[in-house]
Amino acid sequence: MKAVIVKVLIGSGLFGLFVLFLWADPSGRYFNLSGLFLVVVGTFAATVLAHSFRGVTDLLRRLRSKLTNKASMDSEDLEVFLHLVEAHRRGSVRAAEQAARRLQESLLRTGAELVINRTPQADLTRMLQWKIGAQRERDQAEIQIVRTMGAFAPAFGMLGTLLGLIGMMYGLDANRMEQIGESMGFAMLTTVYGLVLANLVLKPLATRLERRANENLAWAYVQMESVLMLHDRCHAAMFRDYWQAFFDHPEASEPIDSLPLSVAKS
């Protein structure tokens, strides 16, 4: 609920700034399409050269889902895993395998299948750590792409400033005051666009992605520990207590008590 209120307030604030901008600049003097194009396209091109075209476009395509999808587990998956825990404790391999195939979480499903196949704990831990490490590397690579964009945006704003100053020099040489004014406006606006893009869009975006990556990493370790507890044939009530600590975190999407964990109470 608090997150929704904060988003509404932020959206209202941005809309208010937009209205104020239009009121203060009805003629559109603070909008320069060529300057904006230089900053945005230049930042994108430089980032592609620094990383890769596929990496940048994949991040932009999945950006919305990465920001909105929280580290969580739906109630059906939790109940299925708890049934798997009880089946494994009873030694019912067939029921445990059926429950494992129904799990949606990739890491949890892989770990459960390895446990059912009697994988040694050392090999099990090594495999899960490798999967978590690969996910962490992917997340950090995407965060670095956004940080690179945040570093390039002001630089291309300054490039626009230099190009505008060059235009001013040509205008002075030709004694064309109109060209001088246009070049000066281009020079100043590109700097503004670069600063705004870096400090109001890209740097906050990198911070959001880093926070989401940390949440996903914490959830991955919760799944890994759950798999190791499954390997040790722990009681389902212990899983409930362990998950409670994670889902009670303020960033969690919903508390564990709201989920149908009747199996854990048995």
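Taking the six-membered ring for Trp and the full ring otherwise, the centers of Phe81 and Phe239 sit less than 6.0 Å from each other.
If you check the side chains of Thr191 and Thr161, you find a donor sitting under 3.5 Å from an acceptor. Side-chain N/O atoms of Arg126 and Gln129 include no donor and acceptor closer than 3.5 Å.
Hydrophobic cluster membership differs between Leu195 and Val40, with clusters built from Ile, Leu, Val, Met, Phe, Trp and Tyr side chains linked at under 4.5 angstrom. Note on Phe156 and Phe37: separate hydrophobic clusters, where clusters join Ile, Leu, Val, Met, Phe, Trp and Tyr whose side-chain heavy atoms are under 4.5 Å apart, directly or indirectly. One hydrophobic cluster, built from ILVMFWY side chains closer than 4.5 Å, holds both Ile145 and Leu67. Hydrophobic clustering (ILVMFWY, side-chain heavy atoms < 4.5 Å, transitive): Ile132 and Leu114 are in one cluster. Linking Ile, Leu, Val, Met, Phe, Trp and Tyr whenever their side-chain heavy atoms come within less than 4.5 Å puts Leu60 and Phe53 in one cluster.
Although no hydrogens or angles enter the test, the distance criterion places a donor-acceptor pair under 3.5 Å between the side chain of Thr207 and the main chain of Lys203. The closest donor-acceptor contact from the side chain of Thr119 to the backbone of Val115 lies at 3.5 Å or more, if one exists at all.
Leu197 and Ala153 make their closest contact through CD2-CB, 3.9 Å (heavy atoms, listed as atom of the first residue, atom of the second, distance). Across all their heavy atoms, Ala213 and Ile143 have their closest contact at CB-CD1, 4.1 Å. Of all heavy-atom pairs spanning Val80 and Ala99, the tightest one is CG1-O, 3.2 Å. The shortest heavy-atom contact between Leu59 and Glu142 is CD2-O, 3.6 Å. The shortest non-hydrogen separation linking Thr125 to Met224 is CG2-CE, 3.5 Å. Lys131 approaches Ser106 most closely through the heavy-atom pair NZ-OG, 4.3 Å.
Atom CZ of residue Arg62 and atom OG1 of residue Thr57 lie 9.5 Å apart, to the nearest 0.5 angstrom. Annotation: the span from Glu225 atom CD to Met229 atom CE amounts to 6.5 Å, rounded to 0.5 Å. With values rounded to the nearest 0.5 angstrom, His231 atom NE2 is found 9.0 Å from Arg233 atom CZ. Here Asn216 contributes atom CG and Gln135 contributes atom CD; the two are 7.0 Å apart, rounded to the nearest 0.5 Å. The CD atom of Gln104 sits 12.0 Å away from the CG atom of Leu78 when rounded to the nearest 0.5 Å. Atoms CG and OG1, on Leu163 and Thr190 in that order, are 8.0 Å from each other to the nearest 0.5 Å.
In summary, Glu113 and Arg101 do not engage in a salt bridge, as defined by a charged side-chain N under 4.0 Å from a carboxylate O. A salt bridge links Arg212 with Glu215; the closest basic N to acidic carboxylate O contact falls under 4.0 Å. Taking the charged nitrogens against the carboxylate oxygens, Asp139 and Arg136 have no contact shorter than 4.0 Å, which rules out a salt bridge.
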Practice task
Mind running side chain to side chain contact (heavy atoms under 4.5 Å, CB included) on Arg89 and Val85 for me, showing each step along the way?
Solution key: CA-CA 6 Å; Arg89 279 172 52 83; Val85 170; 4.2 Å; yes
Problem - Check against side chain to side chain contact (heavy atoms under 4.5 Å, CB included), Leu63 and Leu209 - result: CA-CA 9 Å; Leu63 186 60; Leu209 287 174; 4.1 Å; yes
Problem - Verdict with supporting geometry, Val192 and Met188, side chain to side chain contact (heavy atoms under 4.5 Å, CB included) - result: CA-CA 7 Å; Val192 172; Met188 296 298 100; 5.6 Å; no
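Test His88, Arg90, His83 against Glu86 for side chain to side chain contact (heavy atoms under 4.5 Å, CB included) and you get one pass: Arg90.
Using a 4.5 Å heavy-atom cutoff, the side chains of Asp123 and Met127 are not in contact. Residues Met158 and Leu162 form no side-chain contact, since every pair of their non-hydrogen atoms from C-beta on lies 4.5 Å or further apart.
For Arg54, the CZ atom sits in a loose shell: 12 or fewer heavy atoms of surrounding residues, nucleotides or ligands are nearer than 6.0 Å. In Arg102, the CZ atom is not crowded: 12 or fewer heavy atoms of neighbouring residues, nucleotides or ligands sit closer than 6.0 Å. Annotation: Met184, atom CE; neighbour count of heavy atoms from other residues, nucleotides and ligands within 6.0 Å does not exceed 12.
Residues satisfying the side chain to side chain contact (heavy atoms under 4.5 Å, CB included) criterion with Leu200, sequence neighbours excluded, are Val196.
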